[in-house]
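Contents: one structure, followed by commentary.
Predicted model only: the values in this text are computed from it and were never measured.
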Amino acid sequence: MEDNNFREMEDERMVAEAYQHLIDTYLASHHRKHTDIIDKAFNFAKEAHKGVRRLSGEPYIMHPIAVAQIACEDIGLGSTGICSALLHDVVEDTDYTVEDIANIFGPKIAQIVDGLTKISGGIFGDKASVQAESFKKLLLTMSEDIRVILIKISDRLHNMRTLGSQLPGKQYKIAGETLYIYAPLANRLGLNKVKEELEDLSFSYEHPEEYRAIQEQIEGIRAHLTTIFDQFTDPIRQELDKTGLKYEIKARFKKPYSIWTKMQTKHVTFEEVYDILAVRIIFEVTEGMNETDECFKIYNIASTIYKPHPDRLRDWVHNKKANGYQALHSTLMSKAGKWIEVQIRSRRMDDIAEHGFAAHWKYKDGVVEGEGTDNELDKWLYQIKEILDDPQPNAIDFLDTIKLNLFANEIFVVTPKGEFKTMPAGCTVLDFAFSVHTFLGTHCIGAKVNHQLVGISQVLQSGDQVEILTSKNQKVEKGWIDFVTTAKAKGKIIALLRRIEREKQKIGEDILNDFLERNEKEATSVNITKLCRFHDVNSREELLSMIGDKTITLDEADIDALGEKSTGGKKWSKYLKIFKRKNSVPASTEEEEQTSAADDGYKIPKFDKKKTLAISEETIDQYTFCDHCHPIPGDDVLGYLDENGQIIIHKRQCDIAKRLKATGGNQILAAVWDTHGTLSFPATLHIAGFDRVGVLHQITGILSQQLNVNINSVHIDTSDGLFTAELRLGVHDAKDLQAICRDLKKIEDVEDVRRF
């Protein structure tokens, strides 16, 4: 009894301290001080969650307090946002309704809580349609009140901070969803600090060893980088002091996830990442000062002391990013012979860079919380509404469409009249045409880019002047989907193709009905199935479409096919079973899933979803390995239980796995290797270097003689004195591969060796 009393007293003390910290943070903010409503929301939530604990063991009310703290401190929300954060789980987890919240706290807080309740439990549910609908609800609610997504991001950040209490499979699902959706959303809303923390926390769970290694390497050079920072900034400080400017200079160290991403994409080592250190100059704006002019004055001072890189001046002051970010970036050569990035921004720009669009409220006179947000944000929210007008029916396609547009980097394209239009990086002429008007996109045959004639698939660069060329004879083509990159273009093309497809199917249906009637046959499902089998098509819709566009011509052979008895026996029955299962609600229990799959002839290993899969010599035949990422022992991996009951092993950073973690979380299984170097796994090496006599002999000699590695295939290309080679090898594990790469890099004429 005494232990229980002591625990309750400790809980009360912990809750009281956390709530007081929240109130202190709020009182120190720029918002009007409405503490009464916050106290009311806290006491209501505390009572509603009374007696409930999180998996970590702490009282549940600590979670809403933590979410409110993030929303207030890191994002800058006021009393309405804080109250909504405190109440965000009440409707989902207790008997209270949205109507109760509206009666007690008013319609605005109730609306936000309702929006948060609709997207609770992560963005995604168990079924694809539910996933798409949940995400659409998120975006719709977000377009009505941006605080919904700001609080949802706060909720996700606290869940990531406490993810250690979850099972490994759940950790991968939540971390994957965070990297796939929440971190890009935070970035798109300008929440840089939140985005970086979300990325690093996800990285620490997905690749713990790499995370620890990079953390240690950063700490190992931190003192050295601090010395470089001091030496680099001292001359700049001396010159800035002479101007009387109020400023501060801070060192910015690149985060582990950002470093790792650069190492992966650029195929470089930690030592070769040059921009781990950046210098940030933040100045205070005084009366009569022009922010833009001051940025360039500071740049002129710095570039007089150090030589600037000619191609690395980024003017985000005149042309701010779509998430509101403004700064002047330059890369200068230090006296130590190292390039160092310098970021110049005002205090206002710095606040917006760290806290996102919420910080705009601080700098708008007479604007209350949540009203009058920046024009760029309004444009973005309008984009969301445009996409929601014609979303993709498939959840994963819908997510990809959203990610294509809303989370992309921006470029600036100029119209023939000299107007600047923001477009996602990597967009094409056709994307630009659709962004102007659907009619232009539909009939686009090319463009004049900088007065030069180019095709519709031409990728645009920032600063290009584009004049779209059209023809009334041009029609939408299926191949366009392969190269357009924006959500609007993709969505419109798919919608137009669907309409064309429906028209073809209608024509095909009329032709088929007329054919069957003339031959005294009925359009029964049995007859349609026979015709589908006869023409080797997968569905009634495909059959009708091919009849409609004259790909299939109905004749006497079709009558003969209709006269045959249905054949196929078990094979056809099995196909129908699989088809039905794919299009029905998933089995409610693990046993039902395994029984259903077993009916189709698959041997499903018995496993416990709560336990980690061990991939060993004895169990390896039970698994299928992803043929996209080709995992081998030593890689961080996970398992995915597909609709046929098979477990597919993926590398955790595999592109396919990233999507599965975000959209099929309940099928994600934790997995580890338990092999002992007796099995051989395929791996491909990409090697590049100078084409000298004997270099290939050296490479194969090291592999076959010194390392005793079996070479399965070799492909070599040479050009202009250089060579590239792809070698397919048999290796035991990732350590073997690392040792091979290390030894091959020692060859004098070899410049690059990496796993392909």
Name every donor-acceptor pair, under 3.5 Å, that has one atom in a side chain of residues 446-458 and the other anywhere in the protein, sequence neighbours excluded.
from   : atom 1 : to     : atom 2 : distance (Å)
Asn450 : OD1    : Gln465 : N      : 2.9
Asn450 : ND2    : Asp464 : OD1    : 3.0

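- For Asn290, the side chain to side chain contact (heavy atoms under 4.5 Å, CB included) partners at least two apart in sequence or on another chain are Thr292, Asp293.
- Considering only residues two or more places apart in sequence or on other chains, Tyr299 meets the ring-ring contact (aromatic ring centres under 6.0 Å, His included) condition with none of them.
- Asp431 pairs by the salt bridge (charged side-chain N to carboxylate O under 4.0 Å, His left out) definition with nothing, not counting sequence neighbours.
- Contacts of His309 classified as ring-ring contact (aromatic ring centres under 6.0 Å, His included), with partners at least two apart in sequence or in another chain: Trp339.
- Contacts of Asp549 classified as salt bridge (charged side-chain N to carboxylate O under 4.0 Å, His left out), with partners at least two apart in sequence or in another chain: Lys504.
- The side chain to side chain donor-acceptor pair (under 3.5 Å) test applied to Glu210 returns no partner, not counting sequence neighbours.
- Annotation: ring-ring contact (aromatic ring centres under 6.0 Å, His included) contacts of His715 (sequence neighbours excluded): none.
- Under the side chain to side chain contact (heavy atoms under 4.5 Å, CB included) criterion, Phe439 pairs with His437, His443, not counting sequence neighbours.
- In this view, Phe270 satisfies the ring-ring contact (aromatic ring centres under 6.0 Å, His included) rule with no residue, not counting sequence neighbours.
- With sequence neighbours excluded, no residue satisfies salt bridge (charged side-chain N to carboxylate O under 4.0 Å, His left out) with Glu477.
- Here Asn319 pairs with Phe412 under the side chain to side chain contact (heavy atoms under 4.5 Å, CB included) rule; sequence neighbours left out.
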